Amino acid sequence: MTSESKPAHFLQNIIREDLAEGRVSRLATRFPPEPNGYLHIGHAKSICLNFGLAEEFGGVCNLRFDDTNPAKEEEEYVDSIKRDVTWLGFRWAGDIKYTSDYFDQLHDWALHLIREGKAYVCDLSPEDARHYRGTLKEPGKNSPYRDRSVDENLELFEKMKNGEFEEGQCSLRAKIDMAAPNINLRDPVIYRIKKMAHHQTGGKWCIYPSYDFAHGQSDAIEGISHSICTLEFEDHRPLYDWFIENLPVPAQPRQYEFARLNLNYTVVSKRKLKQLVDEGLVDGWDDPRMPTLSGQRRRGVTPAAIRNFCEMIGVTRSDSVVDVGMLDYSIRDDLDKNAPRAMCVLEPLKVTLKNYPEGKREVLSAPGHPVRDDLPARELPFTGTVYIEKADFREEANKKYKRLVLGKKVRLRNAYVIQAEDVVKNDAGEIVEVICSVDLDTLGENPADGVKPKGVIHWVSADENLDCEVRLYDRLFDDPAPDAGGKNFLEHVNPDNLQVLSGCKAEIGLAKAEPEKGYQFERQGYFCRDSHYGSADKPVFNRTIGLRDSWAKEQNK
RNA sequence: UGGGGCGUAGCCAAGCGGUAAGGCAGCGGGUUUUGAUCCCGUCAUGCGUAGGUUCGAAUCCUACCGCCCCAGCCA
């Protein structure tokens, strides 16, 4: 099944048995977002689950926009959702579906319930309805309109449909049980008046079905066998089943619930994300720090990383908070295997190679990847002046420091071994240049004396390089649970979530880097060109994630 | 006793009566022209708590405890 012999989760077990025992002939699932916002990492779990199950069991998965509330939905969101699902690498079965495609059928079924004496038009205002509903511990009481005749209900519902009532003046309710311990069964509203245009049906309707009345029936219409949703809908299942049992639907879908994804150091609530955007704390919904799929994509996170992450966190019914470290691992894991290598000096320090022939220029070759020989080699111009990282030189240091030290040797990655001979400082006493000697016999060879330098540092020619800007992102929040309890998440925004570095020097090949395409800047991390900022000759690179850094860990001890 | 769920390591998660998988993180070591990757080792006498049944319990029973969800004409 899951080839790596990873144990099956409860939904896989249920489906396998349903298929084996013939209760279901073909698996059909659906991913049913309401087009009222952007998809985020939490949605990815549901997408991977629904589409993944369909792939695994040879079934199908529909993409259905659950668009029963025109007040909250917009076409813009359906477009971004389609883009994000596609980006993750999934294909929905047939055409895109909309719950609004079924408004006629749903309306017929509402009529059916009325004729059966199982639905009635209620004139209670929303506030009064709330009082009649009772509380968590006390039963509700029947609406005074509960016993209207079928004919009267038919007539009133027709008037609702024709726009003869104002919003909130009345609603259509299922007649179930006002004393039910499950509040969802206390005569739930199944149609309400909303005098507004719908992004799909335009001005055709002024009454719209509720989620509860639309969802299961839409599943039945589409032949969905397993309707998978999150835990908070658990209490709706009896209602879901009630409609399926009391309506002449063409299929008998079943609802199953799983625990939604929670990630520490992360906030995904639409309202909160919007606040970050509105208050200018981030650059927009696709800011690379956002947990939205569009933000993660712009940051350089790959679809495979997200899919593997969803695979590794599992699917259960227990609430949990996954450590973002797992997502980080998944991102590094995928990028390490697939990202071409490159060199980029973030904070340049000039190094002059005093014995490198005056005016000489050569082109060195470097592998595109340490083990992937299918990735093309790179050409690196080498000249007598190069830049290295400021942090890679010290006048003196203990033996733990494996970089360039005055009087000591280090290897320039993919090039020669050099030795620091002297430093040049400015009036402020800052090191502005290092004078080195270069051992011209060390290209691809160890030094003749047989002593291998312990350190290897990255570099770029000072004469031929790509000037660029680099944006180093860190986690958006510095608190593991920024919005837990009564906390104000805005007070836990990490002040160091972005560091912008300009004047960075990258190897020239990076000039043709494409947005979203990841590179490993060796010894630093994974980066991709930003899709919004930068120009052809001066690109902006986003750091997707840093390399694991045991040196930093060592220093913090 | 309002109803519905869930409790296995720092985190995620297998396990379904035969003596605690795996992954992430951590720790120790090896390889390495990336302080990366990779490789090896290590990490729960313990499964929310207390009783009980049993030759044997994370698994069964009882009682407690803790956490989550539900009172939109939102989804």
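Please read all numbers here as calculations on a predicted model, not as lab measurements. Per chain, numbering begins at 1; letters A, B, ... match sequence-line order. Basis for what follows: all heavy atoms, side chains included, without hydrogens, waters or symmetry-related copies.
Along RNA chain B, the nucleotide nearest to A:Ala415 and the one nearest to A:Ser318 differ in position, and the one closer to the 5' end is contacted by A:Ser318. Each of A:Gly314 and A:Lys337 was assigned the nucleotide of RNA chain B with the nearest heavy atom; the assignment lying further toward the 5' end belongs to A:Gly314.
Considering only side-chain N and O atoms, A:Lys452 lies under 4.0 angstrom from the phosphate OP1 or OP2 of B:rU33.
For A:Trp459 and A:Phe382, the ring centers are positioned less than 6.0 Å apart. Between A:Phe157 and A:Tyr191, the distance separating the two ring centers is shorter than 6.0 angstrom. The distance between the ring centers of A:His215 and A:Tyr211 falls below 6.0 angstrom. Under the 6.0 Å cut-off for aromatic ring centres, A:Tyr38 and A:Tyr77 qualify, their centroids lying closer than that.
Base pairing of B:rC6 is made with B:rG66, judged by Watson-Crick or G-U wobble geometry with both donor-acceptor distances under 3.5 Å. When both distances must be under 3.5 Å, the Watson-Crick or G-U wobble mate of B:rA20 does not exist. Pairing partner, B:rU32: none, since no Watson-Crick or wobble contact has both distances short of 3.5 Å. Nucleotide B:rC73 is matched to nothing when pairs are restricted to Watson-Crick or G-U wobble geometry with both distances under 3.5 angstrom. The nucleotide B:rU42 finds its pairing partner in B:rG26, both defining distances of the Watson-Crick or G-U wobble pair being shorter than 3.5 Å. Across all strands shown, B:rU1 has no partner, as no Watson-Crick or G-U wobble contact with both distances under 3.5 Å is found.
Nucleic acid contact for A:Tyr401: base, since at least one base atom lies under 4.0 Å from a heavy atom of the residue. Among the heavy atoms of the strands, none lies under 4.0 Å from A:Val417. At a threshold of 4.0 angstrom between heavy atoms, the contacts of A:Gly444 include nucleobase atoms, whether or not backbone atoms are also involved. Using a 4.0 Å heavy-atom criterion, one finds that A:Gln520 contacts the bases of the nucleic acid, with or without backbone contacts as well. Heavy atoms of A:Arg317 sit under 4.0 angstrom from primed sugar atoms or phosphate atoms, though from no base atom.
The distance from atom CZ of A:Arg260 to atom P of B:rC6 is 17 Å, rounded to the nearest whole Å. One can place CG of A:Leu380 at 13 Å from C1' of B:rU33, the figure rounded to the nearest angstrom. The nearest whole Å value for the distance from the CZ atom in A:Phe382 to the C1' atom in B:rU33 is 14 Å. The interatomic distance linking A:Arg372 (CZ) with B:rA36 (C1') rounds to 16 Å, in whole Å. Here the P atom of nucleotide B:rC38 and the NE2 atom of A:His369 are 10 Å apart, to the nearest Å. The CG atom of A:Leu11 sits 13 Å away from the P atom of B:rA13 (whole-angstrom rounding). For the pair A:Ile545 CD1 and B:rA36 P, the interatomic distance rounds to 15 Å; values are reported in whole Å. If you take CG of A:Asn414 and C1' of B:rU33, they are 7 Å apart, rounded to a whole angstrom.
Comparing the C1' positions of B:rU8 and B:rA14 gives a spacing of 10 Å, expressed to the nearest Å. Nucleotides B:rC64 and B:rG41 have their P atoms positioned 47 Å apart, rounded to a whole Å. Rounded to whole Å, the separation between the P atoms of B:rA63 and B:rG3 comes to 14 Å. Comparing the P positions of B:rC6 and B:rG10 gives a spacing of 23 Å, expressed to the nearest Å. As rounded to the nearest Å, B:rC24 and B:rU19 have C1' atoms that lie 27 Å from one another. For the C1' atoms, the distance from B:rC12 to B:rG18 is 28 Å, rounded to whole Å. Taking the P atoms as reference points, B:rU62 lies 16 Å from B:rG5, given to the whole Å. To the nearest whole angstrom, the two P atoms, one in B:rG17 and one in B:rC61, are 12 Å apart.
For the side-chain contact (heavy atoms from CB on, under 4.5 Å) test with A:Ile306, the passing option among A:Ile41, A:Ile331, A:Ile47, A:Asp334 is A:Ile41; the others fail. Partner of A:Phe527 under the side-chain contact (heavy atoms from CB on, under 4.5 Å) criterion, out of A:Leu472, A:Leu510, A:Thr544, A:Leu335: A:Leu472 alone. Each of A:Leu156, A:Val121, A:Asp123 was checked for a side-chain contact (heavy atoms from CB on, under 4.5 Å) with A:Phe165, and the lone residue meeting it is A:Leu156.
If you check B:rU37, B:rG35, B:rA14 against the side chain of A:His9, the one that comes closest is B:rA14.
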Check: In B/S/- notation, 5' to 3', how is nucleotides 24-31 of chain B contacted by protein heavy atoms closer than 4.0 Å?
Finding: SSSS----
Notebook entry, point to check: How does each nucleotide of nucleotides 68-75 of chain B score, in 5' to 3' order, for protein heavy atoms under 4.0 Å: base (B), sugar-phosphate only (S), or none (-)?
Noted result: SBBBSBBB
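A donor and an acceptor atom sit less than 3.5 Å apart, one in the side chain of A:Arg411 and one in the base of B:rU33. Remark: the A:Gln524 side chain and the B:rU34 base include no donor-acceptor N/O pair separated by less than 3.5 Å.
The cationic group of A:Arg148 does not satisfy the cation-pi geometry with A:Tyr120, failing either the under 6.0 Å distance to the six-membered ring centre or the 45° limit from the ring axis.
A:Asp479 has a carboxylate O that lies under 4.0 Å from a charged side-chain N of A:Lys487, or vice versa, which qualifies the two as a salt bridge. Comment: A:Arg341 engages A:Asp336 in a salt bridge, judged by a side-chain N to carboxylate O separation of less than 4.0 angstrom. Here A:Glu167 does not pair with A:Lys194 in a salt bridge; the nearest charged N to carboxylate O distance is not below 4.0 Å. Salt bridge present: A:Glu257 and A:Arg317 bring a charged side-chain N and a carboxylate O closer than 4.0 Å.
Syn is the conformation of B:rG72, whose glycosidic angle sits no further than 90° from 0.
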